[in-house]
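Working notes for the structure below.
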Amino acid sequence: MSLLEVRNLRASYGRIPVLHQIDLTVNAGEIVGVVGHNGMGKTTLLRSLMGHLKTSAGTVSLRDRDVKGLSAHKRARLGVTLVPQGRDIFGNLTVHENLMLGAFGTQDQSARIDEMISIFPRLADLLDRKGGALSGGEQQILALARALCNRPSLLLLDEPTEGVQPSIVLEMATALKSISQTENLAVILVEQNIAFIQSLAERVYTISNGVIEQELSVSGPNGAALITETLGF
Amino acid sequence: MDYTIVVAIELLRAVAGLVLISTGLAIIFGMMRVINIAHGEFMMLGGYTVVLSAKAGVNIWIAMLVLAPLTVGLFGVLVERLIIRHLYGRIIDTLLATWGLSLFLIGFVAVVFGNKLEGVATPFSGIAIGEYSVAAYTIFLIGAALAFVASIYLALKYSKAGLIARATMQNPEMVEALGVNSKLVFMTTFGVGAAFSGLAGALLAPISGVIPGMGVNFIGPAFITVVTGGSSIIAGTLSASGLLGSISQSTAFLAGPVYGDAMLFFAALVLLRLLPQGITGRLFTRSL
Ligand SMILES: Nc1ncnc2c1ncn2[C@@H]1O[C@H](COP(=O)(O)OP(=O)(O)OP(=O)(O)O)[C@@H](O)[C@H]1O
Ligand SMILES: [Mg+2]
């Protein structure tokens with residue numbers, strides 16, 4: 001049984017259709033990439049999987065359960081969460097409060113927050129700062145830690161390396177790899193940074209004009225080249 | 001000396017009065033950007049809850065402090081579910097809808113209970129300071145205003161529910177992705193705002209009396225206090241009430257009560273000319 005199974009998914013903003021034909025499968029604990037040019041519907045895909053956007057046709061099942069009609073918070077309680085493009089940190093709340101919201105549904109809230117801080121040590125000195133007063137890279141780390149607080153089984157991760165310095169990109173890759181293994185976390189990773197995606201994912205879907213076109217196996221040494229060629233980057 | 005104390009208490013009374021009548025409106029506006037024109041009628045419903053409970057033999061304190069906020073809070077939840085929920089983000093539409101609600105409530109209550117003034121006995125007698133007598137109930141209301149502000153501050157700053165509410169108002173979509181039911185949060189917030197309106201109406205009932213149209217007297221000053229205060233609930237309500245309350249009350253002392261009211265509006269006009277976003281739109285922008 002796969003963790004997430006999406007068939008024939010369609011979605012639109014009002015009357016403007018954006019996703020036309022989305023088929024994809026994600027197994028538990030697996031990191032899967034989604035790549036495509038700007039404006040092809042990657043963000044829209046993650047938003048409709050989260051439940052922020054009503055889907056007009058197709059099926060979305062999570063552990064064989066149909067979740068298509070569920071609102072976002074119900075999907076979140078089933079283990080899905082999103083780190084949006086642009087991070088959406090709560091700017092008026094402190095870093096610690098942001099993490100508390102992430103750990104909203106857990107029993108051991110403060111233990112889990114401590115665990116996240118040990119994985120992302122640079123958060124330790126920032127806990128009392130307002131989220132809005134963090135740098136872009138720090139916000140990205142915070143958004144990731146906040147999402148992981150709730151022990152998700154499926155993380156929807158939208159362009160986490162956008163405008164982030166290489167050392168933080170490396171920190172994120174290391175953390176994702178290890179949590180994916182230890183906590184059986186699956187990730188759908190939307191990325192433009194091919195090296196980053198190739199270091200994490202074994203399979204990559206390409207998306208073009210709202211249609212999932214190809215599934216690439218990128219685990220070999222030529223993985224990065226394969227993605228670049230296919231997309232014509 | 002005695003006279004100074006009495007004057008100080010009178011000033012505080014004016015400030016506390018503004019805090020009491022504007023808190024419910026400020027919560028709903030500050031958190032949800034909804035201007036609840038029916039705010040005065042929510043207060044009126046709080047007043048009637050006290051009148052009816054007192055007639056039924058319920059202890060006046062229980063009627064004021066428990067039943068009134070509970071009844072009006074639940075009514076607020078109903079209003080949010082049936083009307084407000086469909087209009088979020090549409091300021092003019094919510095304004096018109098709550099205006100309609102306000103007219104309906106005045107008419108409805110007048111038909112059911114009659115368009116006559118109902119009195120509520122003040123639960124305290126006077127306290128004498130030197131040769132002046134200050135109603136103990138005034139002191140109580142000043143304490144109640146303090147309790148309003150303190151309880152909202154503590155709830156927003158230190159409780160889990162307050163944290164969730166603040167985050168939801170900032171970004172409802174993001175909290176949903178973290179497992180929070182944002183619609184429930186909106187409904188509850190509106191209910192809490194309504195409960196404060198009902199409580200204020202109940203607390204003021206012994207002074208103002210209770211009549212179906214009483215809300216009209218409150219919505220004006222409450223609205224002006226909230227707009228002058230700006231977007232932050234606590235700092236805004238406190239600073240605007242403090243400023244407007246003392247200006248209008250001092251004017252009332254010197255020139256008579258009519259001038260006091262006029263001065264309140266005039267002071268608000270000048271302030272908004274200088275600070276179009278309200279006091280907390282420019283100053284203390286980051287405070288609660
Ligand atoms: N809120 C919206 N309303 C209407 N159309 C939108 C909205 N958001 C995105 N779109 C349109 O949907 C299409 C897909 O947008 P989307 O944001 O999903 O692209 P993307 O692949 O994430 O792009 P990028 O790589 O730039 O982030 C675009 O044509 C965009 O203009
Ligand atoms: Mg995008």
Side-chain angles (χ1 to χ4, degrees), chain A residues 43 46-53 70-94 96-106 109-110 112 129-133 139 142-152 154-158, chain B residues 26-27 29-33 81 85-86 88-90 152-189 229-236 277-278 280-288:
Chain A
T43 296
L46 295 193
R47 281 170 41 84
S48 55
L49 292 180
M50 186 68 242
H52 287 332
L53 198 64
L70 293 190
S71 55
H73 71 271
K74 288 194 176 135
R75 296 188 199 201
R77 287 172 194 181
L78 292 173
V80 184
T81 194
L82 170 71
V83 175
Q85 191 172 10
R87 296 131 194 166
D88 286 15
I89 292 301
F90 301 109
N92 288 344
L93 306 184
T94 65
H96 188 250
E97 288 173 328
N98 270 276
L99 293 171
M100 278 167 70
L101 283 159
F104 162 72
T106 55
Q109 210 178 25
S110 59
R112 182 62 175 171
R129 274 239 227 130
K130 287 271 167 27
Q139 289 193 355
L142 174 57
L144 186 58
R146 181 181 63 183
L148 292 171
C149 271
N150 214 6
R151 292 195 180 79
L154 175 61
L155 174 65
L156 308 169
L157 191 51
D158 201 347
Chain B
I27 291 176
F29 176 69
M31 300 293 275
M32 325 176 63
R33 293 284 167 265
R81 287 232 52 170
R85 173 164 299 183
H86 309 286
Y88 282 123
R90 292 151 58 184
I152 296 166
Y153 179 77
L154 293 175
L156 281 180
K157 180 110 183 160
Y158 296 109
S159 79
K160 194 171 163 181
L163 177 63
I164 289 172
R166 281 188 292 151
T168 306
M169 303 316 149
Q170 266 182 55
N171 191 338
E173 208 167 76
M174 192 61 231
V175 293
E176 282 270 331
L178 300 174
V180 174
N181 183 346
S182 58
K183 282 189 178 158
L184 185 66
V185 178
F186 278 108
M187 190 177 86
T188 312
T189 307
S231 56
S232 93
I233 300 171
I234 295 162
Q277 304 288 319
T280 59
R282 177 66 68 82
L283 314 166
F284 333 103
T285 42
R286 277 281 146 107
S287 44
L288 282 174

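Letters A, B, ... mirror the listed sequences (proteins, then strands); counts begin at 1.
- His52(A) contributes atom NE2, which lies 6.5 Å from atom CE of Met174(B) (distance to the nearest 0.5 angstrom).
- Between Asn92(A) and Gln170(B) there is a side-chain heavy-atom pair separated by less than 4.5 Å.
- Within the 4.5 angstrom heavy-atom criterion, no atom of Arg75(A) approaches chain B.
- Using a 4.5 Å cut-off between heavy atoms, Val80(A) contacts chain B through its backbone alone, with no side-chain atom that close.
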Exercise for the section: Decide side-chain contact (heavy atoms from CB on, under 4.5 Å) for Asn150(A) and Leu178(B); before the verdict, give the C-alpha distance in whole Å, the side-chain angles of both, and the deciding distance to 0.1 Å. Expected result: CA-CA 8 Å; Asn150(A) 214 6; Leu178(B) 300 174; 5.8 Å; no
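- The side-chain heavy atoms of Asn181(B) and Arg77(A), taken from C-beta on, include a pair separated by under 4.5 Å.
- In this structure the side chain of Val175(B) never reaches within 4.5 angstrom of the side chain of Phe104(A), judged on heavy atoms.
- Summarising the local packing, CZ of Arg151(A) is surrounded by more than 12 heavy atoms from other residues, nucleotides or ligands at distances under 6.0 Å.
- If you take CG on Asp88(A) and CD on Glu173(B), they are separated by 8.0 Å, rounding to the nearest 0.5 Å.
- Of the listed residues Thr81(A), Leu93(A), Leu156(A), the one with more heavy-atom pairs under 4.5 angstrom with chain B than any other is Leu93(A).
- When each of Ala147(A), Gly105(A), Ala72(A), Ser71(A) is checked for heavy-atom pairs under 4.5 Å with chain B, Ala72(A) comes out on top.
- Residue contact with chain A, scored on non-hydrogen atoms closer than 4.5 Å, is absent for Lys183(B).
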